[in-house]
Amino acid sequence: MMPNSKLTTNPIDASELSFDDFKTIVINDYKIAVESRQASLLGRKEVLTGKAKFGIFGDGKELPQIAMAKAFKKGDWRSGYYRDQTFAFAAGICTIKEFFAQLYANPSVEADPASAGRQMNCHFATRSLNGDGSWKDLTEIKNSSSDIAPTGGQMPRLVGLAYASKLYRQNPELEYLKNFSVNGNEVAFGTIGNASTSEGVFFEAINAAGVLQIPMAMSIWDDAYGISVPAKYQTTKEDISEILKGFQRDEKGEGYEIYKVRGWDYPALCETYQRAIDVCRSEHIPVLIHVTEVTQPQGHSTSGSHERYKDKDRLEWEKEYDCILQMRKWMLESAIISEEEILELENAAKKFVRETQKEAWNEFLASIKAEKDLVVAAINKVANGDPVLVKIASVLAGTPDAQRREVISSVRKTLRLSIHQSSAARNDLQTWYNDQAGLNEDRYHSKLFTDGIESPLLITELKPVYEEQSKMVDGRELLNACFDANFARDPRLVAFGEDLGAIGDVNQGFAGLQAKYGELRITDTGIREMTIVGQGIGLALRGLRPIAEIQYLDYLLYALNILSDDLASLSYRTKAGQKAPVIIRTRGHRLEGVWHSGSPMGMILGSLRGLHICVPRNMTQAAGIYNTLFRSDEPALLIECLNGYRLKEKMPENIGEYTVPLGKAEIIKAGTDVTVVSYGATLRIVEEAAEELAALGIAIEIVDPQTLLPFDTDQVCVQSLAKTNKLLVVDEDVPGGGTAFLLQQILEAQKGYYHLDGQPKTLSAKAHRPPYGSDGDYFSKPSVDDVIEAVYSMMNESNPAKYPAIY
């Protein structure tokens with residue numbers, strides 16, 4: 001049982017307010033709290049009666065969130081989780097009507113600006129972009145980065161949002177970006193539940209913010225449980241601020257200011273948040289507010305009841321120390337409001353929320369009802385008395401709250417069952433269905449990428465220019481020159497990662513550039529892949545152009561959750577309301593041993609739809625792709641070839657200007673016998689193999705897709721296959737990894753199966769990671785010998801007389 005603490009009487013700072021003004025503020029806060037609680041209660045009922053799929057609410061956290069909202073200003077940013085509905089209402093970033101529209105998954109941006117029905121309720125986001133993908137003035141908006149459901153996943157992005165304020169304050173070259181910051185005065189507000197502070201991503205981000213000393217205000221809502229698991233199983237000493245005491249600022253001023261306040265104590269909450277955010281904003285340091293003794297009246301979600309795991313004493317304490325009840329008592333005892341007035345307010349709040357819910361529900365159904373009525377009439381026309389089809393129309397007509405799936409499913413079933421019928425009525429229904437397919441594509445599938453005026457697909461291709469005096473240089477030097485030219489051109493560019501700054505990265509792509517452009521722009525980080533990626537996301541959300549380096553491709557695993565859950569889905573889950581044009585730079589392929597030679601392309605392709613996946617074969621192509629990405633506004637992962645940094649390439653005269661378009665495959669070598677598709681490091685092996693194959697009388701055509709997402713938009717692969725009728729895909733991922741994607745694209749998406757005269761083949765690495773050493777590499781990944789023999793075997797199958805078996 002929780003301690004029977006008494007209410008404190010710490011006053012709200014009201015030195016410049018009259019008592020009447022003070023009363024007005026307090027009463028309005030109470031009104032917001034009551035309306036939010038009613039939205040939670042009614043929202044749960046809507047789920048349990050079947051109108052919504054699932055519900056998760058912020059009941060019990062109303063007062064701390066109102067206090068937090070008081071300190072939240074235009075230009076500030078929030079990165080929170082799905083308990084922050086009262087904050088959203090109090091800060092004005094969401095209305096109660098929008099809250100219910102999201103609960104019902106209304107696919108309209110106007111109804112649900114946060115996600116257009118794509119996210120479950122209590123996932124908030126403000127719209128940073130205009131319809132064409134250009135930026136709004138973010139200094140005039142109270143900003144909320146788009147929530148994600150994985151608990152703790154909001155933490156890495158929060159670091160970047162706060163770090164942007166530091167860069168805007170300390171780098172005078174960014175002063176021209178007036179729409180993004182006012183001298184770096186913006187605070188990034190983070191929220192998290194106490195149980196999620198057990199996650200590694202929380203500690204990684206907390207440590208990073210302490211190292212960086214950035215204006216990040218971290219609130220922890222502590223209700224002593226993580227669903228059914230109490231704090232004793234979650235946190236050492238059952239107290240997160242207790243174990244974070246080592247982060248408290250010392251005499252040097254480094255670290256956090258840590259505050260602790262009870263979640264039912266309205267005056268203390270208001271005072272604490274005012275003090276904490278003033279320190280955070282003025283001194284540009286991180287603060288942590290641990291809000292304890294929070295309740296959760298309805299339990300975790302609509303999936304269950306907290307009576308199953310909380311004992312009687314705890315449940316009784318939660319009733320007594322419900323924050324709204326405690327505020328009500330305090331208001332009455334302080335003569336801020338009378339019993340009669342507070343009852344009137346509460347009844348009005350209940351009525352308002354109920355009426356708003358009905359309005360949101362009716363608006364959600366309105367467009368569907370029009371479609372339903374039209375379809376019922378159309379199916380009856382097609383039926384022309386057929387009892388089976390008449391029944392379909394009757395069932396749909398008798399479904400009072402039919403949703404779009406029932407309408408469309410009825411149409412599809414009717415068209416299937418009337419397939420042998422030829423009538424004008426069926427043609428009309430088919431036409432209507434085809435039209436709806438386009439509308440539903442926009443409602444449910446659009447905007448995986450922003451597709452705005454700065455799309456990389458709109459960047460004009462510019463070829464590299466060479467002169468007679470153009471030098472042959474190491475690949476790393478070419479890349480270094482590209483970065484140098486772009487950092488000089490665009491002050492928004494920043495780069496950070498492990499070993500990136502002082503030594504210029506482990507392969508010298510940034511050699512000397514920190515000395516030239518300063519530590520604010522080219523920065524070393526600690527070993528913290530999740531937060532490196534999140535730092536990039538947050539900076540990009542605030543108008544900067546970050547390059548977040550993950551040192552080796554193998555290490556991408558440590559950031560995959562943030563890349564997949566947050567960055568890759570950002571444009572889609574906001575329907576292009578937000579964008580984060582961060583470039584994830586890494587290097588991979590063909591080094592040594594289990595931990596430094598991975599090529600998990602299947603994993604990447606399966607989890608990072610929403611990023612452009614770029615795999616240039618050399619540093620000339622890499623620089624051209626970087627030049628394209630630097631001039632556009634969509635996120636990308638670029639994998640540089642590890643074995644290409646010291647290979648000689650000719651330095652283009654326009655090193656910072658030429659561009660390589662995304663999705664444009666190239667024929668590296670023309671041939672007539674077998675189409676070989678490969679990319680990155682294995683492409684060089686294929687090129688070597690082509691020489692011996694030519695000596696054997698076999699002319700392979702080598703196609704380099706260069707980017708896997710998007711893949712070969714001009715269908716170069718299938719055009720080659722139409723000529724050769726044979727296909728070999730070479731990739732150094734595991735069997736069925738990247739090769740499966742390539743085959744699906746060429747054979748299915750490009751309809752390449754029409755042109756085959758034999759079985760398509762794949763050549764991949766073995767199913768395990770490569771053992772250490774050159775022999776390990778040779779026996780585990782595709783070699784020149786493997787490519788030669790794979791191609792020769794295909795020729796042997798088609799013409800054994802001319803190409804007898806080798807073995």
Side-chain angles (χ1 to χ4, degrees), residues 589-590 599-602 605 615 617 665-706 708 711-712 715-768 770 777-807:
H589 311 301
R590 314 199 75 86
S599 184
M601 300 308 298
L605 291 163
V615 283
R617 63 184 178 269
E666 286 188 26
I667 295 178
I668 304 303
K669 177 185 179 300
T672 55
D673 292 321
V674 179
T675 296
V676 182
V677 179
S678 190
Y679 61 89
T682 49
L683 192 76
R684 193 172 299 113
I685 291 167
V686 173
E687 289 181 283
E688 288 181 41
E691 297 178 16
E692 184 172 332
L693 286 166
L696 294 170
I698 301 170
I700 62 172
E701 181 147 293
I702 305 173
V703 182
D704 176 14
Q706 302 199 90
L708 300 183
F711 179 81
D712 188 13
Q715 301 205 337
V716 172
C717 291
V718 75
Q719 292 168 30
S720 173
L721 189 53
K723 179 170 57 174
T724 67
N725 309 120
K726 296 179 183 63
L727 175 65
L728 174 66
V729 171
V730 182
D731 174 273
E732 58 176 13
D733 195 3
V734 296
T739 53
F741 171 79
L742 293 169
L743 285 179
Q744 184 268 334
Q745 289 290 303
I746 299 167
L747 300 183
E748 182 181 354
Q750 297 187 1
K751 296 183 171 55
Y753 65 91
Y754 282 119
H755 304 292
L756 292 171
D757 64 8
Q759 178 185 346
K761 297 290 180 71
T762 65
L763 179 58
S764 66
K766 299 301 181 184
H768 53 77
D777 179 78
Y778 176 82
F779 286 105
S780 299
K781 290 197 171 189
S783 66
V784 173
D785 295 326
D786 293 330
V787 174
I788 293 168
E789 291 175 9
V791 170
Y792 189 89
S793 175
M794 296 173 75
M795 298 302 293
N796 166 257
E797 288 176 10
S798 65
N799 190 345
K802 184 175 181 180
Y803 302 101
I806 298 174
Y807 301 113

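Side chain of Thr682 to backbone of Glu732: no donor-acceptor contact under 3.5 angstrom is found. Checking side-chain atoms of Tyr792 against main-chain N and O of Ile698 turns up no donor-acceptor pair under 3.5 Å. Although no hydrogens or angles enter the test, the distance criterion places no donor-acceptor pair under 3.5 Å between the side chain of Asp731 and the main chain of Ser764.
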Cut-off 3.5 Å, no hydrogens considered: what does the side-chain donor-acceptor table look like for residues 754-761, sequence neighbours left out?
| from | atom 1 | to | atom 2 | distance (Å) |
| --- | --- | --- | --- | --- |
| Lys761 | NZ | Glu797 | OE2 | 2.9 |

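Looking at Thr762, Leu747, Val718 one by one, the single match for side-chain contact (heavy atoms from CB on, under 4.5 Å) with Leu727 turns out to be Leu747.
Nearest heavy atoms, Val791 versus Val676: CG2-CG2, 4.2 Å. When all heavy atoms are compared, the tightest approach of Pro782 to Ile685 is O-CD1, 3.5 Å. The shortest non-hydrogen separation linking Gly736 to Ala740 is O-CB, 3.4 Å. What you find for Gly697 and Tyr803 is that their closest heavy atoms are O-OH, 3.3 Å. Across all non-hydrogen atoms, the minimal contact from Ala767 to Val734 is O-CG1, 4.0 Å. The heavy-atom pair separating Ala689 from Val787 by the smallest distance is CB-CG1, 3.6 Å.
Counting only residues at least two apart or on different chains, no salt bridge (Lys or Arg N to Asp or Glu O under 4.0 Å) pair has a member in residues 733-749.
Every residue was checked against the side chain to side chain donor-acceptor pair (under 3.5 Å) condition with Asn725, not counting sequence neighbours, and none meets it. When the salt bridge (Lys or Arg N to Asp or Glu O under 4.0 Å) test is applied to Asp777, the partners found at least two apart in sequence or on another chain are Arg590. Gln719 pairs by the side chain to side chain contact (heavy atoms under 4.5 Å, CB included) definition with Gln715, not counting sequence neighbours. Legend: residues meeting side chain to side chain donor-acceptor pair (under 3.5 Å) with Glu789, ordered by chain and number and at least two apart, are Tyr807. Partners of Gln750 under the side chain to side chain donor-acceptor pair (under 3.5 Å) rule, at least two apart in sequence or in another chain, are Asp712. Ser783 is linked by a side chain to side chain donor-acceptor pair (under 3.5 Å) to Asp786, counting only residues two or more places apart in sequence or in another chain. In this structure Glu691 satisfies the side chain to side chain contact (heavy atoms under 4.5 Å, CB included) test with no other residue, sequence neighbours excluded. With sequence neighbours excluded, the residues satisfying side chain to side chain contact (heavy atoms under 4.5 Å, CB included) with Pro770 are Ser597, Ser780, Lys781. Not counting sequence neighbours, the partners of Ile668 by the side chain to side chain contact (heavy atoms under 4.5 Å, CB included) test are Arg617, Glu666, Leu683, Glu687, Ile702, Asp704. Every residue two or more places apart in sequence or in another chain that forms a salt bridge (Lys or Arg N to Asp or Glu O under 4.0 Å) with Lys723 is listed here: Glu701.
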Should Leu742 and Leu708 be marked as a side chain to side chain contact (heavy atoms under 4.5 Å, CB included) after you check the CA-CA gap, both sets of side-chain angles, and the distance that decides it? CA-CA 8 Å; Leu742 293 169; Leu708 300 183; 4.0 Å; yes

Under the side chain to side chain contact (heavy atoms under 4.5 Å, CB included) criterion, do Lys726 and Met795 qualify, and how do the steps go? CA-CA 9 Å; Lys726 296 179 183 63; Met795 298 302 293; 4.1 Å; yes

Kindly indicate, with the supporting measurements, whether the criterion side chain to side chain contact (heavy atoms under 4.5 Å, CB included) is fulfilled by Leu721 and Ile746. CA-CA 9 Å; Leu721 189 53; Ile746 299 167; 4.2 Å; yes

Could you please spell out the steps behind the side chain to side chain contact (heavy atoms under 4.5 Å, CB included) verdict for Met601 and Val615? CA-CA 10 Å; Met601 300 308 298; Val615 283; 4.0 Å; yes

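Taken from CD1 in Ile667 to SG in Cys717, the straight-line distance is 9.0 Å, to the nearest 0.5 Å. Note that OG1 of Thr675 and CG of Leu728 are 10.0 Å apart. Values are rounded to the nearest 0.5 Å. One finds the CG atom of Leu696 at 7.5 Å from the CD1 atom of Ile788 (value rounded to the nearest 0.5 Å).
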